[in-house]
Amino acid sequence: MDNNISCQMKVETGEAGYVLEDVPHLSDYIPDLPTYPNPLRSNPAYSVVKQYFVDADDTVPQKVVVHKDGPRGIHFRRAGPRQRVYFTPDEVHAAIVTCGGLCPGLNTVIREIVCALYHMYGVTKVLGIDGGYRGFYSKNTISLTPKVVNDIHKRGGTIIGTSRGGHDKPKIVDSIQDRGINQVYIIGGDGTQKGAAVIYQEVRRRGLKAIVAGIPKTIDNDIPVIDKSFGFDTAVEEAQRAINAAHVEAESAENGIGVVKLMGRYSGFIAMYATLASRDVDLCLIPESPFFLEGEGGLLEYVERRLKDNGHMVIVVAEGAGQELLAAESLNSSTDQDASGNKLLQDVGLWISHKIKAYFAHQPSMPITLKYIDPTYMIRAIPSNASDNVYCTLLAQSCVHGVMAGYTGFTSGLVNGRQTYIPFNRITEKQNNVVITDRMWARLLSSTNQPSFLRPKEVIEVLKQEEPPTDGESSKANDI
Ligand SMILES: Nc1ncnc2c1ncn2[C@@H]1O[C@H](COP(=O)(O)OP(=O)(O)OP(=O)(O)O)[C@@H](O)[C@H]1O
Ligand SMILES: O=P(O)(O)OC[C@H]1O[C@](O)(CO)[C@@H](O)[C@@H]1O
Ligand SMILES: [Mg+2]
């Protein structure tokens, strides 16, 4: 294992193919740290809970469906409070930062980190870093108390602001060191977690007693290993309103077509789940599944057939779908990037709408009415729903317990319904995508009745690329 990875993950093996991909701990690089009894012991709410503390040997399997004789496989450390903690309440100086795009539930996570620190561990110094990573060195901080955060879970967005770009490792770690921050809670997506891993490594290199912990946030659900990301259900639910509107508009017109564009840069989970939930959608397009427009078996032919059969249709398209087709047509095939280096996408919803209109313009006997609805930001700028609120609470509390127990360099995440601590490199090494050879996509195809648009040669290629995973790597959202 290279040095970089070995300080990010500790691998332990056991009988029958058991593997623990463990997270680092402060004691790995600072010897003889004092420990203290967990103050939750005397917390009236928890003192009667049997086995409240997590056993040091408890781990959670990454894969729950196993063959009778298969190896036990990869496990992660179970999250939760430990008997002993590595900080006294007075000693803690915590900071919370949110980075990347918005996602429902960000404020709930902030609220619950603050409240867990205050009410469970007696910590009173919690800072909000204003406006993402660059806020560490270029902006003011916000003091966060239970009073300040009391109502914030009812609001969308993040009260401490967010941004893309601005990840300047030396400046960020200098700021952590200069301010005496010793617990850093970093909430964000794949880019943010990569940034957190880099900060953790620098903190460790400098030998600081400062924890760096991540909480995964991604509306696209593109972070691997975890069951799903917070805010995803809320976004899928909100997307229903746009799909309903598209359906009502389409149904009410002669040859009505409703096109809805949803988020999903490289991963089409929102589009897939919103389509499955709605049942009104006739065609769902995602980045992972290529399609073509013209000719036999193409998208335009399917639209025509669907209109002839049903009189109307609804199309849901993820923003990253068909980008290669748009790029092939565009003169300035976009190499534009946002401040974090993410490629800026062209508007596939608008493009498809134009293409469909142009196709039917040549068929006067078949006039169409097409409405294009782009609810992109509306599905992520709202507060989280009830179940996401509970999920955010558990994530935040689990993260605080791990941090107080001295674990560092980890992301707090739900694996098979259990809270765990996952090493950064497992979260950042790859992206979670819809696997179009898994059952979930097949369910979608059979629900919409759309063609797969894959030509026989492409089917062979896809099957070759997507050999069934043998190591529990398949996305939970695909593999149900
Ligand atoms: N490889 C990297 N190393 C260090 N920092 C990074 C890296 N990638 C991204 N970052 C930083 O992480 C922050 C967030 O990244 P990004 O804008 O890609 O959003 P994200 O966390 O992936 O969230 P989302 O994609 O869900 O909106 C930015 O401040 C960016 O500079
Ligand atoms: O316009 P912004 O804020 O960069 O965010 C847009 C992007 O953020 C995401 O929601 C998450 O990466 C993508 O789906 C989308 O492309
Ligand atoms: Mg991202």
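Numbering of ligands and ligand atoms starts at 1, following listing order. Atoms considered below: every heavy atom in the structure, side chains included; atoms not considered: hydrogens, waters and symmetry mates. If you read the sequence from its start, that first residue is 1, and numbering goes on from there. Just so it is clear, the structure is predicted and the values come from calculations on it, not from any experiment.
- Taking a cut-off of under 4.0 Å to the non-hydrogen atoms of R265, the atoms of ligand 1 that pass are 25 (O).
- Inclusion of V198 in the set of residues having an N or O under 3.5 Å from an N or O of ligand 1 is not warranted.
- For the pair K209 and Y86, the cation does not sit on the ring face, since its NZ or CZ is not both under 6.0 Å from the ring centre and inside 45° of the axis.
- Classified by interplanar angle (parallel below 30°, tilted 30° to 60°, perpendicular above 60°), the ring pair Y133/F136 is parallel.
- Between Y407 and Y421, the ring planes lie tilted relative to each other; the angle falls in the 30° to 60° range.
- Between D174 and R206 there is a salt bridge, since a side-chain N of the basic residue sits under 4.0 Å from a carboxylate O of the acidic one.
- Evaluated by nearest non-hydrogen atom to atom 6 (C) of ligand 2, the leading choice among K343, E319, R380 is R380.
- When the N, O or S atoms of D190 are ranked by distance to the Mg ion (ligand 3), OD1 comes first.
- Classification of the Y302-F453 ring pair by plane angle, with boundaries at 30° and 60°, yields perpendicular.
- For the residues A339, G188, S340, G341, the heavy atom positioned nearest atom 15 (O) of ligand 1 is part of S340.
- Nearest non-hydrogen protein atom to atom 29 (O) of ligand 1 is G165 O, 2.7 Å.
- Counting atoms of ligand 1 from 1 in the listed order, those under 4.0 Å from a heavy atom of G189 are 20 (P), 21 (O), 22 (O), 23 (O).
- Counting protein heavy atoms only, atom 4 (C) of ligand 1 is closest to G195 CA, 3.5 Å.
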If you apply the rule ring-ring contact (aromatic ring centres under 6.0 Å, His included), what do you find for Y273 with F232, and how did you get there? CA-CA 10 Å; Y273 272 72; F232 176 73; 5.5 Å; yes

Check the pair S267 / D220 against side-chain hydrogen bond (donor to acceptor under 3.5 Å, both in side chains), numbers first and verdict last. CA-CA 6 Å; S267 305; D220 293 353; over 6 Å; no

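- Atom 11 (C) of ligand 2 has as its closest protein heavy atom D220 OD2, 3.6 Å.
- At a threshold of 4.0 Å, the pair R265-D190 does not count as salt-bridged, since none of the basic side-chain nitrogens sits closer than that to a carboxylate oxygen.
- The backbone N or O of V212 lies less than 3.5 Å from a partner atom in the side chain of T408, making a donor-acceptor pair.
- Under 3.5 Å, the side chains of D347 and Y372 contain a donor-acceptor pair of N or O atoms.
- Of the options V281, I257, T448, V260, a side-chain contact (heavy atoms from CB on, under 4.5 Å) to I315 is made by I257 and by none of the others.
- When N221, T192, D220, I219 are ranked by how near their heavy atoms come to atom 21 (O) of ligand 1, first place goes to T192.
- Here the straight-line distance linking atom CZ of F291 with atom CG of L325 works out to 5.0 Å at 0.5 Å rounding.
- With a 4.0 Å cut-off on non-hydrogen atoms, N342 touches ligand 1 through its side chain and not its backbone.
- Each of the atoms 14 (O) of ligand 2 lies under 4.0 Å from some heavy atom of G264.
- For atom 2 (P) of ligand 2, the closest heavy atom belonging to the protein is R164 NH2, 3.5 Å.
- Set against the non-hydrogen atoms of Y377, the atoms of ligand 2 under 4.0 Å away are 1 (O), 2 (P).
- Summary of contacts: the protein heavy atom closest to atom 12 (O) of ligand 2 is R265 NH1, 3.2 Å.
- Below 4.0 Å from some heavy atom of I219 lie the following atoms of ligand 2, by number and element: 10 (O).
- Within a 6.0 Å sphere centred on CG of D178, heavy atoms belonging to other residues, nucleotides or ligands number more than 12.
- Among all protein heavy atoms, the one lying closest to atom 10 (O) of ligand 2 is M263 SD, 2.9 Å.
- Among protein heavy atoms, atom 22 (O) of ligand 1 sits closest to D190 OD1, 2.4 Å.
- Among protein heavy atoms, atom 24 (P) of ligand 1 sits closest to K217 NZ, 3.4 Å.
- Residue-level proximity to ligand 1 for R134 is absent, since no heavy atom of it falls below 4.0 angstrom.
- Not a single N/O/S atom of D220, whether from backbone or side chain, sits less than 2.8 Å from the Mg ion (ligand 3).
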Step-by-step side-chain contact (heavy atoms from CB on, under 4.5 Å) determination, C284 to Q450: CA-CA 8 Å; C284 173; Q450 71 191 66; 3.8 Å; yes

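- Closest to atom 27 (O) of ligand 1 among all protein heavy atoms lies G101 N, 2.8 Å.
- Residue K194 places no N or O, backbone or side chain, under 3.5 Å from any N or O of ligand 1.
- Here the heavy atom of the protein found nearest to atom 6 (C) of ligand 1 is G191 O, 3.5 Å.
- Between S447 and R443, the side chains place no donor N or O within less than 3.5 Å of an acceptor N or O (distance only, hydrogens not considered).
- Annotation: atom 19 (O) of ligand 1 to nearest protein heavy atom, R164 NH1, 3.3 Å.
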